[in-house]
Amino acid sequence: MSLPAAPPVARPDQPAGGLGLFRIQALLTLLLWAAWVLLPPVPQGKWLLLSVAMLVVGIPHGANDLQLLALHRPGWSAFRRFIVYGLAVVAAMAAMLTWPLAGLLVFLLLTAFHFGQGEMLIGSATSLGLRAVALAYGAVLLLALLAPHAAALPAYLPATPGFARLVQLFARLPASPLPYVGAAAALLTVAVAAERFQSEGVVRKLAVLLGLLVLFARTDLVFAFSVYFGIWHSPDSIRLFSGRLYGGGGWRAVRRFYVAALPITGLALGLLAGAGWFNARAGLAYPLPFVLLTFIFAVTVPHVLVTEPIYREPEA
């Protein structure tokens, strides 16, 4: 079923929300990076930053998925949308807790596609080949984030032979950001050839990418993820989704998006607390970071399915 006509959205070579949002993102990234380098280490500071990123933008950016689902499932009642979405969340969480290694691999694949689509394919009715390019681009981002911190990964994952082999695989990958920048440049060249980017947009994107990948390699895994997820991915998505739901974008649409997101944001926080409780009561003994990862996986599965057609909706 085709989607209703969408209001204009930013091309991928124009940062979502325009230069105003782009400048705020760049400034916040530089300020946090400077704080990491110049200020004395703060115990648990990276977890505080992750908590703020999740509460302020991370969870809210997916908290209007039910309204977005209504755009391409208009025949479904609000109750049916809630039940289907909720069952997908519960099923994904149960699968991750039951088959954690397989769940993590699926999570990495979905996240790579979701990040790549948000980076490259906004407003594009894409071919299968271009979606594969977006998946590869997202994979480059994830590998550049994880490879420099392979030694730290065991603290966040269950202590099983399967996870140990996965960590060894990441440890064999280059820790330097340069190979990943080169790979991203090659993928962006393909996007230029497909007329998804203007050349000046590629230069700006590569400059941002270089800065982010150096930050990934030179800081901490949780800190780096918080910066990318909280400052770049989620705000760009909020800008896109608010414009899609409320027409034309702008800060007024963003404000309406946040107000509408409050109930589901509250439910999501309750789900996160419930996951922690279940981990303790069921004797699973997963590390708390993996419980958080399980929660993110549980909401990522339906989020990717709901937003995939929104990202590729052609420009009006």
Side-chain angles (χ1 to χ4, degrees), residues 3-32 49-72 74 78 81-82 85 111 114-124 201 204-205 208 212 225-269 272 296 299-300 302-316:
L3 297 179
V9 296
R11 285 176 55 87
D13 55 302
Q14 299 170 340
L19 283 177
L21 177 58
F22 174 75
R23 288 167 179 159
I24 292 172
Q25 291 169 305
L27 178 61
L28 285 175
T29 300
L30 290 174
L31 287 175
L32 285 172
L49 177 62
L50 178 61
S51 299
V52 171
M54 293 290 292
L55 287 172
V56 175
V57 286
I59 293 175
H61 101 276
N64 277 322
D65 281 359
L66 295 178
Q67 285 85 342
L68 293 172
L69 181 59
L71 295 178
H72 52 98
R81 293 195 303 270
F82 180 82
Y85 195 93
T111 302
H114 188 55
F115 284 174
Q117 189 176 39
E119 291 279 347
M120 300 186 74
L121 303 183
I122 292 177
S124 173
R204 183 167 58 207
K205 182 169 282 293
V208 172
L212 285 173
F225 173 77
S226 301
V227 169
Y228 179 72
F229 186 65
I231 294 180
W232 294 93
H233 174 73
S234 296
D236 282 352
S237 298
I238 288 172
R239 185 69 175 183
L240 173 67
F241 300 157
S242 61
R244 188 68 178 86
L245 287 171
Y246 302 113
W251 293 111
R252 181 175 298 180
V254 171
R255 184 168 63 249
R256 291 181 64 187
F257 184 92
Y258 264 93
V259 172
L262 286 175
I264 300 300
T265 298
L267 286 176
L269 292 174
L272 176 57
I296 297 175
V299 296
T300 293
H303 176 67
V304 171
L305 296 176
V306 167
T307 60
E308 195 273 337
I310 303 298
Y311 274 110
R312 62 182 168 85
E313 175 68 5
E315 296 177 273

Output the distance between atom [atom1] ([X]) and atom [atom2] ([Y]), rounded to the nearest 0.5 Å.
| X | Y | atom1 | atom2 | answer |
| --- | --- | --- | --- | --- |
| Leu50 | Leu55 | CG | CG | 9.0 Å |
| Ile59 | Leu272 | CD1 | CG | 6.5 Å |
| Thr111 | His303 | OG1 | NE2 | 10.0 Å |
| Ile310 | Arg244 | CD1 | CZ | 5.0 Å |
| Ser237 | Phe241 | OG | CZ | 4.5 Å |
| Asn64 | Thr265 | CG | OG1 | 8.0 Å |

What heavy-atom pair brings [X] and [Y] nearest, and what distance separates the two atoms?
| X | Y | answer |
| --- | --- | --- |
| Leu69 | Val306 | N-CG1, 3.8 Å |
| Pro263 | Ala260 | CD-O, 3.4 Å |
| Gln117 | Glu308 | NE2-O, 3.3 Å |
| Ala253 | Ser242 | O-CB, 3.5 Å |
| Ile238 | Tyr258 | CD1-OH, 3.5 Å |

Evaluate side chain to side chain contact (heavy atoms under 4.5 Å, CB included) for Leu71 paired with Leu245, printing each intermediate quantity in order.
CA-CA 9 Å; Leu71 295 178; Leu245 287 171; 4.2 Å; yes

Go through the steps to decide whether Leu267 and Phe82 satisfy the test side chain to side chain contact (heavy atoms under 4.5 Å, CB included), and finish with yes or no.
CA-CA 12 Å; Leu267 286 176; Phe82 180 82; 4.1 Å; yes

Minimum side-chain heavy-atom gap [X]-[Y] below 4.5 Å:
| X | Y | value |
| --- | --- | --- |
| Leu32 | Ile231 | yes |
| Thr307 | Asp65 | yes |
| Trp251 | Arg239 | yes |
| Phe22 | Trp232 | yes |
| His61 | Asp236 | no |

Quick one: does any side-chain atom of Tyr311 pair with a main-chain N or O of Val304 as donor and acceptor, under 3.5 Å?
no

Under a 3.5 Å distance rule, please check whether Ser234 uses its side chain to pair with a backbone N or O of Gly230 as donor and acceptor.
no

Would you call the rings of Phe115 and Phe229 parallel, tilted or perpendicular, taking 30° and 60° as the class edges?
tilted

Identify, with sequence neighbours excluded, every residue that meets side-chain contact (heavy atoms from CB on, under 4.5 Å) alongside Ala70.
Arg81

Leu30: which residues meet the side-chain contact (heavy atoms from CB on, under 4.5 Å) condition with it, sequence neighbours left out?
none

